[in-house]
Amino acid sequence: VNAAPPHGHVICSQRWRNAAVLQGLKGVIILFEDELGLADFHLPNRTAILYVSECDIIAGNGYKRKLVCYRNACSRFQELVLVERTRLTEQYFSAVQKFVLFDLGLTLLPVGGQVEASQLIAQISSENPFRRRTPRRLLEPSVLALVQHIPGVGRVKALTLLQHFPSIQQVCNASVAELEPIVGQTSAQQVHSFFHKPLVEH
DNA sequence: TGAATTAGTTA
DNA sequence: TAACTAATTCA
């Protein structure tokens, strides 16, 4: 299946039937598909998502093989990798991140669990690819809420941040230097750490 | 340093 | 939700 789903739809691999991630996708029509390759979701704006769960990471290095295949398989979609970052995966997160970002060159977004993932999926699929460049875009409440969960980022900084980087992906890919003039030095570091550094104890 | 902002608490 | 407050951050 190499065609992107129509607007408002999400193609979902059969193995996610009855999963919690689908319950957060309200207002989205979910089409189940057997042959989605390695991807777990296909979104209308030609985004493919591979979900690396807590179990995948803890189970060993098998996920790497899956990621490599994923990287090499579906070329007509923009490949995105959602990685569960939890207490259990904390110690492995840095390694997963390096592998995904540096070795494979894919975009990685950390999520706390399936609920958070569903918010991201809803947000990403609501992005109309034909309107991506419009200067003023309605702010998705879910994105705003998510961004405000970053330490040091409240209402004001979340708003200004999303004016410069309208999507989560853009915020994620922003460097500290790009972030600094927008949210200040301290928060710039915190935002970057939120997406790029493993959780630190203490 | 003063203003602005965050984040937690309370009603 | 709104208002208040302590602590932090910014210019």
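A note on names: the letters A, B, ... follow the listed sequences, proteins ahead of strands, and every chain is numbered from 1.
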By ring-ring contact (aromatic ring centres under 6.0 Å, His included), A:Y63 pairs with (sequence neighbours left out) none

Residues passing the salt bridge (charged side-chain N to carboxylate O under 4.0 Å, His left out) test with A:R155, sequence neighbours excluded, are none

In short, ring-ring contact (aromatic ring centres under 6.0 Å, His included) pairs touching residues 164-193 of chain A with sequence neighbours left out are A:H192-A:H196

Can you give me every donor-acceptor pair (side chain of residues 179-189 of chain A, partner residue at least two apart or in another chain, under 3.5 Å) with its distance?
residue, atom, partner, partner atom, Å
A:S187, OG, A:G152, O, 3.2
A:S187, OG, A:K157, NZ, 3.2

With sequence neighbours left out, the residues meeting salt bridge (charged side-chain N to carboxylate O under 4.0 Å, His left out) with A:K66 are A:D56

Polar pairs (N or O, both sides) under 3.5 Å between protein and nucleotides 7-11 of chain B?
residue, atom, partner, partner atom, Å
B:dA7, OP1, A:G152, N, 2.6
B:dA7, OP2, A:V153, O, 3.1

With sequence neighbours left out, the residues meeting side-chain hydrogen bond (donor to acceptor under 3.5 Å, both in side chains) with A:E178 are A:S175

For residues 145-154 of chain A, the salt bridge (Lys or Arg N to Asp or Glu O under 4.0 Å) pairs (sequence neighbours left out) are none

side-chain contact (heavy atoms from CB on, under 4.5 Å) filter on A:V28, not counting sequence neighbours, yields A:V10, A:L25

Contacts of A:Y51 meeting ring-ring contact (aromatic ring centres under 6.0 Å, His included) (sequence neighbours excluded), chain-then-number -> A:W16

Show each protein N/O and nucleotides 2-4 of chain C N/O combination with a separation under 3.5 Å, one pair to a line.
none

Quick tally for nucleotides 5-11 of chain C: nucleotides whose base has a protein heavy atom under 4.0 Å get B, sugar-phosphate-only ones S, the rest -, giving ----SS-

